[in-house]
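Inspection log for the structure reproduced underneath, given as C-alpha cells.
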Amino acid sequence: MITKETVRENEQITTYIQKADEALEALGYTEHSFAHVTRAAQFAENLLLDLGYPARQAELAWIAGYLHDIGNVINRIDHAQSGAVMAFRILDKMGLDADELSTVISAIGNHDESTAFPVNEVAAALILADKTDVRRSRVRNRDFASFDIHDRVNYAVVEARTYLTPEKNALVQEMKIDTELSPVMDYFEIFLDRMMLCRKAAERLGLKFRLKVNGQTLL
C-alpha cells in the first residue's frame, strides 16, 4: 500500500515540490513549498477524519494535498491539470491501484479556482485545505513598498485559523487582519472566488462555510 510516509520519502516528489516552488518564486508568487503542501495535506486528512470518513480516504486526501502543486514546475497556468498528470505517472509507477489513483488525481486536477469543482470528498477536503491557507509567513517579499495586492493581503493577516464548529456542521475560517496594512475589501477582491469555491466544497462534505474577519461574520 502506498502511504503518506512513502510519498513523503520519495526523492522525485521532493524534487518536484522544491522546483515548483522555485518557479513560483521567480514569478513573484507567495510560498508554495513544503510548509504549504504539508499544511494542506494535514488539514485535508484531519478534516475527513474529524467528519468520520474512513482512515484510508483521509490518507488519500493527505497524498493529494502533498502533491497538489507539483504542476507549477511546468507552468502556473493549468498547473492543476499538469500536476494531476504528473501525479498519475509517479503514483502509478509506485503501484497505487486504479481506484485510489483516480481519486487522488481527480482531486489534484480540480483544486485550482479557475477550473475547480469538488468532484469527490477528497477533492472537497483539498480545496478547503488549499484555499484557507492565508498567512503572513507565505509572503517572501519583505519590501512593503513593492508589495502587490496579494503580498499586502497575506501580510496583513496577523492571525488565522480554520476549524470545525463543535456540532461539526460548519467550517469556519477566522482571521485577524491588520487594516492599517490592508483593508478587508482587498481580501474580498482577490479571494472572493476562492471563498465561493470553499462554500461548494464544504457543501460536498455536508457543511456550511463561514468566514469571520476581525470578529465579524462575513459569509
Side-chain angles (χ1 to χ4, degrees), residues 2-45 59-94 96 100-119 122-142 147-151 153-155 157 160 162 190-191 193-194 197-198 201:
I2 305 304
T3 67
K4 59 185 181 183
E5 285 76 20
T6 57
V7 168
R8 184 163 39 208
E9 293 169 2
N10 184 282
E11 293 183 4
Q12 186 180 21
I13 290 171
T14 298
T15 299
Y16 288 146
I17 293 172
Q18 291 172 333
K19 295 299 182 181
D21 186 54
E22 288 174 12
L24 290 179
E25 183 176 14
L27 291 168
Y29 282 84
T30 53
E31 179 269 323
H32 284 71
S33 190
F34 294 100
H36 172 62
V37 301
T38 300
R39 189 265 185 192
Q42 292 174 341
F43 184 98
E45 179 183 39
E59 186 166 40
L60 294 179
W62 189 100
I63 293 171
Y66 197 70
L67 294 175
H68 79 279
D69 269 340
I70 59 174
N72 286 299
V73 75
I74 296 174
N75 198 294
R76 178 63 179 174
I77 297 173
D78 295 331
H79 75 279
Q81 290 79 10
S82 55
V85 174
M86 291 174 66
F88 170 82
R89 184 176 184 275
I90 296 166
L91 297 173
D92 186 50
K93 287 177 66 177
M94 292 175 70
L96 190 64
E100 294 188 339
L101 182 51
S102 298
T103 298
V104 171
I105 62 174
S106 292
I108 295 172
N110 281 279
H111 85 269
D112 186 61
E113 56 264 30
S114 60
T115 55
F117 192 82
V119 293
V122 169
L126 172 56
I127 288 167
L128 291 165
D130 182 39
K131 304 313 173 190
T132 59
D133 188 15
V134 182
R135 50 187 163 83
R136 174 173 288 190
S137 58
R138 294 191 70 186
V139 179
R140 307 181 206 263
N141 182 10
R142 294 306 179 196
F147 275 8
D148 64 12
I149 189 171
H150 291 83
D151 288 336
V153 169
N154 277 279
Y155 194 78
V157 178
T162 308
I190 64 173
F191 288 143
D193 287 346
R194 296 186 189 186
L197 180 58
C198 284

- Query: Hey, does T6 have a side-chain heavy atom less than 4.5 Å from the side chain of M94?
  - Reply: yes

- Decide salt bridge (Lys or Arg N to Asp or Glu O under 4.0 Å) for E31 and R135; before the verdict, give the C-alpha distance in whole Å, the side-chain angles of both, and the deciding distance to 0.1 Å. CA-CA 10 Å; E31 179 269 323; R135 50 187 163 83; 3.1 Å; yes

- Task: Drop me the distance from I63's CD1 to I105's CD1, to the nearest 0.5 angstrom.
- Result: 13.0 Å

With a cut-off of 3.5 Å and sequence neighbours excluded, list every side-chain donor-acceptor pair involving residues 85-93.
none

- State, with a plain yes or no, whether a side-chain heavy atom of H111 is found less than 4.5 Å away from one of D69. yes

- Residues passing the side chain to side chain contact (heavy atoms under 4.5 Å, CB included) test with A41, sequence neighbours excluded, are W62, Y66

- Task: Identify the heavy atoms of G71 and S82 that sit nearest to each other, and give their distance.
- Result: O-OG, 3.5 Å

- Message: With no hydrogens and no angle check, just 3.5 Å: does a side-chain donor-acceptor pair link Q12 and Y16?
- Response: yes

- Gap between atom CG of L197 and atom NZ of K131 - 0.5 Å precision: 6.5 Å

- Query: Is it the case that H32 and D21 place a side-chain donor and acceptor less than 3.5 Å from each other?
  - Reply: no

- Item | D78 side-chain N/O to Q81 backbone N/O, donor-acceptor pair under 3.5 Å | no

- Item | Heavy-atom closest contact (T115 atom, G109 atom, distance) | OG1-O, 4.4 Å

- A107 versus L126, closest heavy-atom pair with distance: O-CD2, 3.5 Å

- E59 side chain reached by E5 side chain, heavy atoms, under 4.5 Å: yes

- Query: Got a second to check how far D148's CG is from Y29's OH, nearest 0.5 Å?
  - Reply: 9.5 Å

- Query: For the atom pair CD1 (I108) and OG1 (T103), what is the distance rounded to the nearest 0.5 Å?
  - Reply: 11.0 Å

- Is the CD1 atom of I149 crowded by more than 12 outside heavy atoms at less than 6.0 Å? yes

- Message: Run the side-chain contact (heavy atoms from CB on, under 4.5 Å) test on D151 and R140 for me, step by step, so that the C-alpha distance in whole Å, both residues' side-chain angles and the decisive distance to 0.1 Å come before the verdict.
- Response: CA-CA 8 Å; D151 288 336; R140 307 181 206 263; over 6 Å; no

- Message: Do Y155 and R138 make a side-chain contact, defined as non-hydrogen atoms from C-beta onward lying under 4.5 Å apart?
- Response: no

- Query: Can you tell if the side chain of I70 reaches within under 4.5 Å of the side chain of K19, non-hydrogen atoms only?
  - Reply: no

- Backbone of L24 reached by a side-chain donor or acceptor of R76 within 3.5 Å: no

- Query: Would you say the side-chain atoms of R39 and T132 include a donor-acceptor pair closer than 3.5 Å?
  - Reply: yes

- Query: To the nearest 0.5 Å, how far apart are CD in E9 and OG1 in T3?
  - Reply: 7.5 Å

- Query: Going from OG1 on T30 to CG on D133, what distance comes out if it is rounded to the nearest 0.5 angstrom?
  - Reply: 8.5 Å

- Query: Closest approach of A129 and A40, non-hydrogen atoms and distance?
  - Reply: CB-O, 3.2 Å

- Determine whether F147 and V139 make a side-chain contact, defined as any pair of heavy atoms from C-beta on separated by less than 4.5 Å. yes

- Check whether any side-chain heavy atom of H79 sits under 4.5 Å from a side-chain heavy atom of N72, and report yes or no. yes

- Nearest atoms (heavy-atom pairs only) where A116 meets I127: CB-CD1, 4.5 Å

- Task: State, to 0.1 Å, how close L128 and A201 come at their nearest heavy-atom pair, and which atoms those are.
- Result: CG-CB, 3.8 Å

- side chain to side chain contact (heavy atoms under 4.5 Å, CB included) involving E100 - partner list, sequence neighbours excluded: R56, L60, L96, D97

